[in-house]
**Student:** 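Okay, here's the structure, questions in a sec.
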Amino acid sequence: MKFEKVRTRFAPSPTGYMHVGNLRTALYAWLIARKNNGTFILRIEDTDQERKIEGAVDIIYRTLAETGLNHDEGPDVGGDCGPYVQSERMSSGIYEKCALELIEKGHAYRCFCTKERLDALRAECEAKGTQTRYDRHCLDLGEEEIKKNLENKVPFVVRQKMPLTGTTSFHDEVYGDITIENSTMDDLILMKSDGYPTYNFANVVDDHLMGITHVVRGSEYLISTPKYNLLYEAFGWEKPFYVHVSPVMRDAQRKLSKRDGDASYADFIEKGCLKEALLNYVALLGWNPGTDQEKFTIPELINAFDISGISKSPAIFDEAKLRWLNSEYIRAMSHEEFLQHAMPFIKKTVKRDDVNFDVIAEGLHKRTEYFSDIPPQLDFIDELPEYIAELYEHKKMKTDKVNSLQALEIMLPALESFSDWDHEKLYLMLNDLAEKSGINKKIILWSLRVALSGKELTPGGGTDIAAIIGKEESIKRLKKGIELLKV
């Protein structure tokens with residue numbers, strides 16, 4: 001099977017946020033198109049009107065735009081195969097026309113069964129312990145009865161007539177050749193009683209009409225693919241290549257799920273994960289480039305991506321790995337880029353404007369994995385938190401409250417008389433002070449850090465903090481540290 005031009009699609013339902021599994025499907029479909037100089041299409045599948053959520057389509061547009069997964073055809077950019085929203089395709093009558101064609105060819109039939117009858121049938125199957133399936137009660141209705149029901153506007157669905165014997169086989173680019181016993185397949189509903197096509201039916205019709213050559217979707221649809229292929233065969237349409245991808249798992253037992261509130265693209269961005277890092281990590285969820293490379297630019301991904309590298313095994317979403325990868329992207333930033341990204345998070349905690357943000361950023365740059373790590377590290381800048389004198393004791397530094405007090409008392413006059421308030425020059429001055437006083441430099445710097453921050457861990461050392469908060473505030477906090485140690 002060969003196609004003149006590769007055409008892939010991302011066809012989400014507007015039912016909420018962009019889950020990382022959806023993002024991966026979009027990315028793989030986009031990469032296949034870009035790798036083959038093909039066309040990437042966005043189609044909104046909103047046939048399930050009850051699950052549609054206001055604003056969800058805007059989330060889809062925004063996410064694709066932010067991640068750079070630009071689509072060549074879609075509801076917002078147009079194209080030759082529109083409309084690209086399934087509900088807007090209803091007015092053309094295309095789904096109804098296709099369903100009628102299947103009925104006339106003997107591949108589908110109208111089912112007038114009531115909900116009560118279907119519920120009773122389901123209960124009967126459950127009581128017998130057999131597979132729940134429709135009993136084809138309406139398959140052999142006479143023409144007169146069907147005509148009468150239609151005239152009386154009796155509600156009906158259109159069901160696909162499945163073969164009862166034999167097998168249906170198909171090839172998947174990831175899972176290989178798969179064969180399903182036809183006897184296990186129920187008569188699929190194609191058109192609902194409200195006139196809307198089901199997801200399964202609209203999916204096949206639209207993929208054909210839009211010339212989709214490669215269908216990328218989750219492996220949960222493997223079991224439905226034989227039903228789709230029977231529809232392609234019934235219409236005499238060419239089948240696409242299938243690329244089913246394994247689920248993204250929270251752990252070995254549980255899938256990542258919207259319903260369980262697992263993280264979306266927006267959640268990670270809000271945490272301060274860079275979109276480039278997230279997209280890079282999502283690409284590696286179930287795909288192996290065949291090398292040890294883990295950090296990819298988008299052009300590198302396009303060049304390296306190959307369907308053969310997609311794994312059948314479920315992919316575990318390891319947030320620790322994502323944090324590491326994001327930190328690699330952060331390390332590669334220039335100081336100016338880092339400060340630009342960090343400022344919104346710095347401002348969540350630091351409300352003062354009379355501080356040195358350049359020094360803050362310099363101290364944070366190597367300590368940040370997600371930008372949301374920043375605010376808790378800076379909660380001492382606006383106001384010194386309450387802390388206990390025991391914080392000055394540090395076995396590794398061989399310091400205690402006595403020699404810390406001595407260090408602070410020696411530093412106080414030196415800092416009061418020091419005018420060039422730059423963190424590097426402060427460091428050199430305190431280094432000289434340590435040599436002249438005979439106090440270990442580490443004890444001086446540790447004592448200064450604690451006195452100025454009231455914390456054990458800070459972004460940057462004592463002289464960095466002094467440069468950040470300024471001379472007046474530094475002297476004030478140093479005096480408070482001396483008072484605390486004298487008690």
Side-chain angles (χ1 to χ4, degrees), residues 11 13 45-52 83 85-126 128 130-168 180-209 221 223-237 239:
S13 299
E45 300 197 335
D46 61 345
T47 54
D48 192 343
Q49 292 288 298
E50 291 182 2
R51 294 182 61 218
K52 186 176 179 180
V85 178
Q86 282 185 335
S87 59
E88 294 176 9
R89 298 170 70 81
M90 291 287 296
S91 60
S92 68
I94 184 62
Y95 305 117
E96 198 172 14
K97 178 185 174 184
C98 287
L100 185 59
E101 181 181 338
L102 289 174
I103 291 172
E104 291 172 348
K105 288 182 174 180
H107 295 294
Y109 59 96
R110 296 180 182 88
C111 172
F112 297 92
C113 290
T114 63
K115 180 179 182 301
E116 289 73 22
R117 184 180 185 280
L118 295 175
D119 287 343
L121 180 61
R122 187 178 298 106
E124 182 182 337
C125 290
E126 289 175 356
K128 292 179 180 178
T130 57
Q131 178 186 343
T132 300
R133 58 187 303 155
Y134 181 60
D135 61 359
R136 293 190 161 182
H137 175 76
C138 294
L139 176 61
D140 296 318
L141 292 179
E143 289 186 17
E144 285 300 317
E145 187 174 357
I146 293 172
K147 183 179 178 182
K148 182 179 178 182
N149 283 340
L150 294 175
E151 288 174 351
N152 292 331
K153 296 184 178 180
V154 177
F156 68 91
V157 300
V158 176
R159 290 183 181 272
Q160 183 179 1
K161 182 183 175 183
M162 297 295 181
L164 298 177
T165 59
T167 60
T168 298
I180 302 289
E181 294 286 337
N182 291 333
S183 60
T184 64
M185 296 191 291
D186 195 11
D187 286 2
L188 192 70
I189 294 177
L190 305 178
M191 296 289 291
K192 296 178 283 188
S193 58
D194 61 4
Y196 269 81
T198 58
Y199 165 84
N200 296 297
F201 188 47
N203 202 272
V204 169
V205 172
D206 289 341
D207 279 349
H208 169 70
L209 294 178
Y221 291 103
I223 196 169
S224 300
T225 302
K227 301 174 185 179
Y228 301 154
N229 276 358
L230 288 170
L231 288 173
Y232 279 102
E233 290 171 6
F235 285 119
W237 295 342
K239 303 182 190 78

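Computed from a predicted structure; not experimentally measured. This chain uses plain numbering: 1 for the first residue, then up along the sequence. The figures that follow rest on heavy atoms only: side chains count, while hydrogens, waters and symmetry mates do not.
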**Student:** Drop me the distance from Asn203's CG to Glu45's CD, to the nearest 0.5 angstrom.
**Tutor:** 4.5 Å
**Student:** What distance separates Cys111 SG from Leu141 CG, expressed to the nearest 0.5 Å?
**Tutor:** 8.5 Å
**Student:** Would you call Lys105-Glu101 a salt bridge at under 4.0 Å N-O?
**Tutor:** yes
**Student:** Could you tell me which non-hydrogen atom of Lys227 sits nearest to which non-hydrogen atom of Gln160, and how far apart they are?
**Tutor:** O-NE2, 3.2 Å
**Student:** Over all heavy atoms of both residues, which pair between Met191 and Gly195 is shortest? Give the atoms and the distance, please.
**Tutor:** CE-O, 3.2 Å
**Student:** For Gln131, does the CD atom have more than 12 heavy-atom neighbours from other residues, nucleotides or ligands under 6.0 Å away?
**Tutor:** yes
**Student:** Is the shortest side-chain heavy-atom distance between Leu231 and Leu102 below 4.5 Å?
**Tutor:** yes
**Student:** Do Met162 and Asn182 have side chains that get closer than 4.5 Å, going by heavy atoms?
**Tutor:** no
**Student:** Which value, rounded to the nearest 0.5 Å, describes the distance between Leu150 atom CG and Glu145 atom CD?
**Tutor:** 11.0 Å
**Student:** Taking all atoms of both residues into account, what is the closest heavy-atom pair of Gln86 and Ala202, and its distance?
**Tutor:** NE2-CB, 3.4 Å
**Student:** Quick one: pull up CD1 in Ile146 and CZ in Arg110 and give me the separation to the nearest 0.5 Å.
**Tutor:** 6.5 Å
**Student:** Under the side-chain hydrogen bond (donor to acceptor under 3.5 Å, both in side chains) test, which residues partner Tyr221, sequence neighbours left out?
**Tutor:** none
**Student:** How long is the straight-line distance from OG1 of Thr132 back to CG of Leu121, given to the nearest 0.5 Å?
**Tutor:** 8.0 Å
**Student:** Would you call Lys128 and Glu124 a salt bridge, taking side-chain N to carboxylate O under 4.0 Å as the test?
**Tutor:** yes
**Student:** Report yes or no: does Ser193 contribute a side-chain atom to a donor-acceptor pair with the main-chain N or O of Val157 at less than 3.5 Å?
**Tutor:** no
**Student:** Of all heavy-atom pairs between Pro226 and Met185, which one has the smallest distance, and what is that distance?
**Tutor:** CB-SD, 3.9 Å
**Student:** Set out, in order, the CA-CA distance, both residues' side-chain angles and the distance that settles side chain to side chain contact (heavy atoms under 4.5 Å, CB included) for Tyr228 and Asp207, then state yes or no.
**Tutor:** CA-CA 11 Å; Tyr228 301 154; Asp207 279 349; over 6 Å; no
**Student:** Taking side chain as C-beta onward, heavy atoms only, is Pro197 less than 4.5 Å from Met90?
**Tutor:** yes
**Student:** Indicate yes or no: at least one non-hydrogen side-chain atom of Thr198 is less than 4.5 angstrom from one of Lys192.
**Tutor:** yes
**Student:** Is there a donor-acceptor contact under 3.5 Å from the side chain of Asn149 to the main chain of Val154?
**Tutor:** no
**Student:** Going by atom types alone, do Asp187 and Tyr109 pair a side-chain donor with an acceptor below 3.5 Å?
**Tutor:** yes
**Student:** Is any side-chain heavy atom of Leu190 less than 4.5 Å from a side-chain heavy atom of Cys98?
**Tutor:** no
**Student:** Could you measure the distance from the CD atom of Glu104 to the CG atom of Leu100? Nearest 0.5 Å is fine.
**Tutor:** 4.0 Å
**Student:** Is it the case that the side chain of Asp135 and the backbone of His137 share a donor-acceptor pair, with hydrogens and angles ignored and the cut-off at 3.5 Å?
**Tutor:** yes
**Student:** For the pair Phe201 and Phe235, name the ring-plane relationship: parallel under 30°, tilted 30 to 60°, perpendicular over 60°.
**Tutor:** parallel
**Student:** List the steps, then state whether side chain to side chain contact (heavy atoms under 4.5 Å, CB included) holds for Leu230 with Glu233.
**Tutor:** CA-CA 5 Å; Leu230 288 170; Glu233 290 171 6; 3.8 Å; yes
**Student:** Measure the shortest side-chain to side-chain distance between Leu139 and Tyr134 over non-hydrogen atoms and say whether it is less than 4.5 angstrom.
**Tutor:** no
**Student:** Can you confirm whether Ile223 is buried at CD1, in the sense that more than 12 heavy atoms of other residues, nucleotides or ligands lie under 6.0 Å from that atom?
**Tutor:** no
**Student:** Within the structure provided, determine whether Arg136 and Leu164 are in side-chain contact (heavy-atom separation under 4.5 Å).
**Tutor:** yes
**Student:** Check step by step if side chain to side chain contact (heavy atoms under 4.5 Å, CB included) holds for Tyr95 and Val158.
**Tutor:** CA-CA 11 Å; Tyr95 305 117; Val158 176; over 6 Å; no
**Student:** Decide yes or no for Phe156 and Cys138: does some side-chain heavy atom of the first lie under 4.5 Å from some side-chain heavy atom of the second?
**Tutor:** no
